[in-house]
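Take a look at the structure below.
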Amino acid sequence: MGDTILIYSIWKSPVGLIAAAAGGCGLCRISLNIDESGFIAKLEKEYQCKPVRSSSSFNLLERKFDAYFEGRNKDIKCKLDLKKTTCFQRQVWRVLTQIPYGQTRSYKWVADKMGKPTASQAVGQANAANPFPIVIPCHRVISSNGALGGYSAGAGIKQQLLSLEASL
């Protein structure tokens, strides 16, 4: 295996289990609604290393998520490791962070905001590849016709997050 050292933690939330992993350059993955063995397998494949569980290393992040779910923290800020992402994905995600808490925008709106009006489908693909759900709020992006569109953790969790934000 590689020289990469990853630590991870898993905790309960109102939308099920949240798993997070970090390396020396910051947070590298968050997964919602995933089991521990599936999360570890994904990390081992992507980073070619055996991650080590370290719940105490994620206490601050867990508190930030708790505050988000309670409506006390509308934006979770943390150092993100974006090395395994593309320039286009980072452009999309930068726009997503401009969508206000409790509001939604369309894939087309994101593409237009980027100055790439024909890139709605590519925006959707970048959303699907988002390794930091909630932190980079891809759940706030819906179809132009008002349909939810996809979500890596499932449409039910996307609806839960949108409902939570709208009610607080």
Side-chain angles (χ1 to χ4, degrees), residues 6-36 38-40 42-43 46-47 51-107 109-110 113-114 123-142 148-168:
L6 289 181
I7 57 172
Y8 77 96
S9 184
I10 297 178
W11 64 90
K12 293 179 182 175
S13 81
V15 295
L17 294 178
I18 295 178
C25 296
L27 194 64
C28 61
R29 166 91 43 206
I30 294 173
S31 292
L32 308 177
N33 197 25
I34 192 169
D35 65 277
E36 185 169 1
F39 185 67
I40 291 170
K42 188 181 233 183
L43 292 174
E46 186 172 355
Y47 291 93
V52 176
R53 189 162 186 160
S54 175
S55 299
S56 62
S57 298
F58 292 88
N59 287 341
L60 178 60
L61 183 63
E62 186 174 348
R63 285 194 307 272
K64 287 179 179 185
F65 270 91
D66 289 345
Y68 165 82
F69 288 115
E70 294 167 2
R72 296 181 291 111
N73 184 6
K74 298 190 185 322
D75 295 301
I76 298 173
K77 304 282 188 215
C78 52
K79 184 177 178 188
L80 303 178
D81 180 352
L82 298 168
K83 285 191 303 255
K84 291 188 174 269
T85 65
T86 68
C87 181
F88 180 81
Q89 288 170 334
R90 291 187 300 272
Q91 288 175 331
V92 169
W93 300 336
R94 204 169 301 122
V95 173
L96 300 186
T97 63
Q98 298 170 23
I99 302 172
Y101 180 94
Q103 297 183 26
T104 59
R105 299 291 186 271
S106 70
Y107 296 97
W109 180 89
V110 175
K113 188 91 168 155
M114 293 174 60
V123 165
Q125 292 168 342
N127 275 11
N130 177 9
F132 309 105
I134 301 176
V135 174
I136 296 176
C138 58
H139 62 279
R140 296 180 188 155
V141 182
I142 61 172
L148 281 184
Y151 193 60
S152 61
I157 289 181
K158 183 173 185 171
Q159 182 60 62
Q160 270 185 278
L161 293 171
L162 293 174
S163 296
L164 169 88
E165 290 187 7
S167 67
L168 297 174

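The structure presented is a predicted model; accordingly, all values stated were derived computationally and were not measured.
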Heavy-atom closest contact ([X] atom, [Y] atom, distance):
X: P133; Y: I30; result: CD-O, 3.3 Å
X: F132; Y: R29; result: CE2-N, 3.7 Å
X: S31; Y: K42; result: OG-NZ, 4.3 Å
X: Y151; Y: C138; result: CE1-SG, 3.7 Å
X: S13; Y: F69; result: CB-CE1, 3.6 Å
X: S54; Y: S9; result: O-CB, 4.2 Å

If you draw a 6.0 Å radius around NZ in K64, do more than 12 non-hydrogen atoms from other residues or ligands fall strictly inside? yes
Could you give the side-chain donor-acceptor pairs of residues 152-161 under 3.5 Å, partners two or more places apart or in another chain?
from, atom 1, to, atom 2, distance (Å)
K158, NZ, V141, O, 2.6
K158, NZ, L148, O, 2.5
K158, NZ, G150, O, 3.1
Q159, NE2, S163, OG, 3.0
Q160, NE2, P14, O, 3.3

Determine which pairs satisfy salt bridge (charged side-chain N to carboxylate O under 4.0 Å, His left out) with at least one residue from residues 130-142, sequence neighbours left out, and list them in order. R140-E165
Going by salt bridge (charged side-chain N to carboxylate O under 4.0 Å, His left out), name the pairs with one or both residues in residues 10-27, residues two or more places apart or in two chains. none
Distance, nearest 0.5 Å, that separates [atom1] of [X] from [atom2] of [Y]:
X: Y101; Y: Y68; atom1: OH; atom2: OH; value: 5.5 Å
X: F39; Y: Y8; atom1: CZ; atom2: OH; value: 8.5 Å
X: L96; Y: H139; atom1: CG; atom2: NE2; value: 10.0 Å
X: I7; Y: C28; atom1: CD1; atom2: SG; value: 9.5 Å
X: I136; Y: L82; atom1: CD1; atom2: CG; value: 6.0 Å
X: I76; Y: L27; atom1: CD1; atom2: CG; value: 10.0 Å

Taking only residues two or more places apart in sequence or in another chain, which ones pass side chain to side chain contact (heavy atoms under 4.5 Å, CB included) with Q103? P100, R105
Residues in side chain to side chain contact (heavy atoms under 4.5 Å, CB included) contact with K83, at least two apart in sequence or another chain: C25, D81
Tell me, please, which residues at least two apart from R53 pass salt bridge (charged side-chain N to carboxylate O under 4.0 Å, His left out). E36
Can you find a pair of side-chain heavy atoms, one from N127 and one from V92, that are under 4.5 Å apart? yes
Does V123 reach the side chain of W109, with side-chain heavy atoms less than 4.5 Å apart? no
With no hydrogens and no angle check, is any side-chain donor or acceptor of K113 less than 3.5 Å from a backbone partner on Q98? no
Counting N and O atoms only, with roles assigned by atom type, does the side chain of W93 sit under 3.5 Å from a partner on the main chain of A126, one being a donor and the other an acceptor? yes
